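All of these numbers come straight from a predicted model, not from anything done at the bench.
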Number of protein chains: 2
Amino acid sequence: MAYRLDEQIGYILRLANQRHALIFNKHSDLGLTPTQFAALVRIGEMGACSQNLLGRRTAMDVATIKGVVTRLKAKGFIQLSPDPGDKRRTVVSLSAQGQDVIDQLHAFGEKVTEETLAPLSDTERKVFLDMLKRLT
Amino acid sequence: MAYRLDEQIGYILRLANQRHALIFNKHSDLGLTPTQFAALVRIGEMGACSQNLLGRRTAMDVATIKGVVTRLKAKGFIQLSPDPGDKRRTVVSLSAQGQDVIDQLHAFGEKVTEETLAPLSDTERKVFLDMLKRLT
DNA sequence: GGTTGTTTATTAGTGTACAAACGAATAACC
DNA sequence: GGTTATTCGTTTGTACACTAATAAACAACC
């Protein structure tokens with residue numbers, strides 16, 4: 001059987017990611033990227049934490065999370081403060097504006113997920129997500 | 001039902017992509033990235049073509065494919081030549097070295113795919129790939 | 001208390017990925 | 001033949017994503 005690029009999981013995963021990013025950006029009104037969105041939602045779930053820990057909890061390495069935090073701070077959604085007990089750490093937390101948009105973010109996220117999964121039935125979505133999670 | 005980041009298709013897709021990239025790089029001996037690999041395999045499938053067309057056939061925009069072509073050329077896997085019938089076009093084709101590694105690339109690709117899909121049974125892989133393709 | 005090892009944050013470098021804008025060449029059309 | 005539209009390749013700018021290296025701070029240990 002010949003090797004065909006169009007049948008390879010890595011290539012198809014890349015295409016699926018591209019489509020999701022397209023849907024995300026189409027609906028995005030707050031000017032957030034999927035990565036910034038993930039970090040912001042995660043802070044909402046976890047509460048305040050250090051920059052590196054936030055990176056680990058959103059699967060971003062130290063160099064990536066630094067840039068994301070910088071941009072979220074510039075957009076006013078988070079605030080940074082020194083950790084009183086550990087001089088190495090920077091504590092990242094939601095700003096008042098960040099608190100205000102969390103509900104809006106969740107509604108937005110639901111819409112993006114719905115449209116991304118639109119080609120699949122409800123039963124299929126469940127099966128698909130279960131299998132996809134096993135590949136992470 | 002609360003919104004949970006860990007259940008969102010976009011976030012999980014990103015994680016699956018990360019794992020695949022990790023597996024790819026672990027086995028990569030030719031120094032290629034997944035993107036460069038895709039472009040090279042595609043030229044092998046299609047034969048010589050213009051730079052922009054190659055980009056379209058590998059889902060890369062004009063700015064991205066330009067960088068990929070530049071690096072594949074620098075590594076000696078492809079060669080570039082002016083299109084005799086269209087002065088705008090650059091014809092991209094496999095170099096002798098590129099031809100030589102195509103079989104090796106296919107074997108490598110099979111291995112990466114196999115390891116990436118290892119958590120799924122044969123039946124599950126078929127179902128999963130079918131559903132994933134519908135999300136592209 | 002001092003050594004050892006780890007964690008935190010930063011920086012530099014490479015490689016996707018997309019939007020937007022540009023000039024040059026080609027195609028379509030009247 | 002000349003206008004219009006499209007295509008091709010390039011460049012600029014922003015944003016992930018990872019590697020590797022660094023310095024500062026902290027923890028564990030004898």
Side-chain angles (χ1 to χ4, degrees), chain A residues 10-11 13-26 28 30-40 48-75 80-92, chain B residues 10-11 13-26 28 30-40 48-75 77 80-92 136:
Chain A
Y11 184 68
L13 270 177
R14 181 167 146 265
L15 299 187
N17 243 323
Q18 285 179 340
R19 173 166 166 275
H20 172 264
L22 218 69
I23 293 170
F24 186 101
N25 291 322
K26 189 178 64 178
S28 183
L30 286 170
L32 293 174
T33 65
T35 314
Q36 290 166 19
F37 170 87
L40 201 49
C49 68
S50 77
Q51 176 180 296
N52 274 17
L53 179 56
L54 177 59
R56 285 194 295 274
R57 292 294 175 81
T58 48
M60 303 176 204
D61 69 18
V62 292
T64 301
I65 192 63
K66 160 137 185 80
V68 172
V69 162
T70 299
R71 287 181 282 275
L72 284 176
K73 162 79 174 154
K75 288 174 180 170
L80 308 177
S81 52
D83 187 317
D86 190 334
K87 290 179 191 166
R88 296 169 303 176
R89 289 193 174 120
T90 302
V91 176
V92 182
Chain B
Y11 185 68
L13 270 177
R14 182 167 144 266
L15 299 187
N17 243 323
Q18 285 179 339
R19 173 164 166 277
H20 173 264
L22 218 70
I23 292 170
F24 185 101
N25 291 322
K26 188 178 65 177
S28 182
L30 287 170
L32 293 174
T33 65
T35 313
Q36 291 164 17
F37 170 87
L40 201 50
C49 67
S50 79
Q51 176 180 295
N52 276 15
L53 179 57
L54 178 60
R56 286 195 294 273
R57 293 292 176 80
T58 47
M60 304 176 203
D61 71 14
V62 293
T64 302
I65 192 64
K66 161 142 185 76
V68 172
V69 162
T70 299
R71 287 180 281 274
L72 284 176
K73 162 78 174 156
K75 289 174 179 170
F77 293 117
L80 307 177
S81 52
D83 186 317
D86 190 334
K87 289 178 192 167
R88 296 170 304 177
R89 289 194 174 121
T90 303
V91 176
V92 181
T136 57

Asker: Counting only heavy atoms and a strict 4.0 angstrom limit, can you tell me which residues of residues 60-71 of chain A come near DNA chain D?
Answerer: A:Asp61, A:Ala63, A:Thr64, A:Val68, A:Arg71

Asker: Do A:Val68 and A:Gln36 come within less than 4.5 Å of each other through their side chains, counting heavy atoms only?
Answerer: yes

Asker: Between A:Gln18 and C:dT16, is there a contact of a side-chain N or O with OP1 or OP2 at under 4.0 Å?
Answerer: no

Asker: I need the NE2-P distance between A:His20 and C:dC18, as an integer number of Å.
Answerer: 14 Å

Asker: If you assign each of A:Leu22 and B:Gln36 to its closest nucleotide in DNA chain C, which residue comes earlier from the 5' end?
Answerer: B:Gln36

Asker: If each of A:Thr33 and A:Asp86 is mapped to the nucleotide of DNA chain D with the nearest heavy atom, which maps nearer the 5' terminus, i.e. the 5' end?
Answerer: A:Thr33

Asker: Whole Å only: how far is the CG atom of B:Asp83 from the C1' atom of C:dA24?
Answerer: 15 Å

Asker: Verify, without hydrogens or angle tests, whether A:Arg14 (side chain) and B:Pro34 (backbone) share a donor-acceptor contact under 3.5 angstrom.
Answerer: no

Asker: Classify the side chain of B:Arg88 versus the base of C:dT26 as yes if they form a donor-acceptor pair under 3.5 Å and no if they do not.
Answerer: no

Asker: Would you say the side-chain atoms of B:Thr58 pair up with the backbone N or O of B:Leu54, donor to acceptor, closer than 3.5 Å?
Answerer: yes

Asker: Taking heavy atoms of chain A and a 4.0 Å limit, find me the 5'-most and 3'-most nucleotide of DNA chain D within that range.
Answerer: D:dA15 to D:dC26

Asker: B:Gly31 and B:Lys75: which non-hydrogen atoms are nearest, and at how many Å?
Answerer: O-NZ, 2.8 Å

Asker: Taking B:Gln51 for the side chain and B:Val69 for the main chain, is one N or O donor matched with an acceptor at less than 3.5 Å?
Answerer: no

Asker: If you assign A:Arg89 and B:Thr35 each to the DNA chain C nucleotide with the nearest heavy atom, which residue ends up on the more 5' nucleotide?
Answerer: A:Arg89

